[in-house]
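In what follows, chains carry the letters A, B, and so on, assigned in the order in which the sequence lines appear, proteins first and then strands, with residues in each chain numbered from 1. Keep in mind it's a predicted model, so treat the numbers as computed, not measured. Below, each value reflects all heavy atoms present in this structure, side chains not excepted, and no hydrogens, waters or symmetry copies.
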Number of protein chains: 4
Amino acid sequence: MGLEATEAGPDEKAGEIVDGEGIAAEQLGRFVERIERLEEEKSAIATNVKEVYAEAKSQGFDPKIMRKIVRLRTMDPHEVDEEEAMIHLYKKALGMGA
Amino acid sequence: MGLEATEAGPDEKAGEIVDGEGIAAEQLGRFVERIERLEEEKSAIATNVKEVYAEAKSQGFDPKIMRKIVRLRTMDPHEVDEEEAMIHLYKKALGMGA
Amino acid sequence: MGLEATEAGPDEKAGEIVDGEGIAAEQLGRFVERIERLEEEKSAIATNVKEVYAEAKSQGFDPKIMRKIVRLRTMDPHEVDEEEAMIHLYKKALGMGA
Amino acid sequence: MGLEATEAGPDEKAGEIVDGEGIAAEQLGRFVERIERLEEEKSAIATNVKEVYAEAKSQGFDPKIMRKIVRLRTMDPHEVDEEEAMIHLYKKALGMGA
DNA sequence: AAAAGGTGTTGCGTAC
DNA sequence: GTACGCAACACCTTTT
């Protein structure tokens with residue numbers, strides 16, 4: 001189904017919802033509404049996250065560090081260790097952190 | 001409050017949670033947990049959004065266009081019109097879209 | 001100067017470059033051309049960067065680690081140390097990396 | 001080739017570039033230097049782009065619109081037209097822009 | 001394996 | 001001078 005680009009049919013001049021595509025239009029509308037509802041929720045939560053960081057900052061914590069911590073905690077500890085080991089190895093090869 | 005970099009105090013060798021900073025540590029833990037909870041919710045919703053787009057696509061709709069539509073609908077119509085007018089003006093000045 | 005939204009003047013029907021705004025149009029064109037030229041160069045260089053990473057990867061190096069290395073090298077070493085210290089501090093407060 | 005995680009060999013205490021990996025280390029160094037050189041160029045050009053936008057703005061042009069214009073010009077005009085047609089179609093189906 | 005779209009982060013310009 | 005908001009950048013996942 002879906003919408004296909006067509007030359008405007010005779011129904012258009014009636015100003016009604018495009019006839020033959022009526023079903024598709026309704027379907028599309030439902031999809032868009034579902035998406036918008038979800039996006040609103042997502043946006044609200046994103047706002048909440050920001051507020052928590054702001055509150056933490058006002059208490060003297062560093063949001064930037066906190067973000068790194070949160071990211072670290074979502075990762076597999078083993079992965080983190082391996083990555084750190086690799087970084088140290090590369091740094092040594094480049095004569096960094098002598 | 002918050003955490004400040006300090007020279008290791010006498011408590012550290014006990015391996016305990018840093019003493020005088022105990023309160024701050026608890027505070028930090030609560031902030032991080034709140035954030036993680038919110039991020040989980042956000043992630044779940046993002047997954048839902050993707051699913052709706054996927055379902056719409058399976059019905060023949062173009063997700064890329066749908067995303068633009070959703071974006072347009074979130075904007076103030078008046079703003080959109082003004083911006084479009086400006087774009088047309090600039091395009092004309094550049095001889096585009098002749 | 002610049003372009004202002006105006007009701008279409010009488011010059012428009014001649015299909016010529018908008019009259020009274022001719023100077024602004026030329027100016028705009030020069031700005032846009034300068035930008036496009038620069039963007040092309042930038043894009044070309046970005047491609048080169050990707051190619052170097054790809055070549056390194058084909059030699060057995062890990063591009064992800066390399067990117068972190070490059071970023072580290074651009075930073076002030078002192079800043080890097082401070083940040084790491086803070087991360088360790090926060091991790092300890094949260095009982096991470098036990 | 002590349003670097004593999006290894007226990008530090010006896011060469012390390014000589015303070016020299018890790019022995020058996022010497023070739024890989026040199027290779028890595030060359031890759032990193034090439035990347036850094038390219039990144040510097042890219043950064044310089046990005047600065048130039050910003051300057052042009054700033055200059056244009058000081059002449060009364062709207063940088064935001066200019067950015068959209070530049071983006072439009074990089075796209076295939078045919079693609080742009082098709083996309084616009086689709087958007088109009090979807091908008092009509094949703095009763096937008098009546 | 002390559003490409004594209006989405007997401008998160010960082011840096012810049014602006015307004016207060 | 002500081003804090004906010006926006007826009008470019010880089011990363012990553014997913015798709016073709």
Salt bridge Glu33(C)-Arg37(C), side-chain N to carboxylate O under 4.0 Å:
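Salt bridge flag = no for Arg37(C) with Glu33(C).
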How does protein contact run along nucleotides 8-16 of chain F, one letter per nucleotide 5' to 3', with B for base contact, S for sugar-phosphate only, - for none, heavy atoms under 4.0 Å?
SSSSS-S-S
Counterpart residues, side-chain contact (heavy atoms from CB on, under 4.5 Å), relative to Val80(D) (two or more places apart):
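With sequence neighbours excluded, Val80(D) shows a side-chain contact (heavy atoms from CB on, under 4.5 Å) to Leu72(D), Met75(D), Glu84(D), given in chain and number order.
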Out of curiosity, [X] [atom1] to [Y] [atom2], how far, rounded to the nearest 0.5 Å?
{"X": "Lys42(B)", "Y": "Glu39(B)", "atom1": "NZ", "atom2": "CD", "answer": "4.5 Å"}
{"X": "Tyr90(A)", "Y": "Lys68(C)", "atom1": "OH", "atom2": "NZ", "answer": "13.0 Å"}
{"X": "Leu38(C)", "Y": "Glu51(D)", "atom1": "CG", "atom2": "CD", "answer": "9.5 Å"}

Using atom [atom1] of [X] as one end and atom [atom2] of [N] as the other, report the distance to the nearest whole Å.
{"X": "Asp62(A)", "N": "dT10(E)", "atom1": "CG", "atom2": "C1'", "value": "14 Å"}
{"X": "Ile35(B)", "N": "dG8(E)", "atom1": "CD1", "atom2": "C1'", "value": "14 Å"}
{"X": "Glu83(D)", "N": "dG5(E)", "atom1": "CD", "atom2": "C1'", "value": "13 Å"}

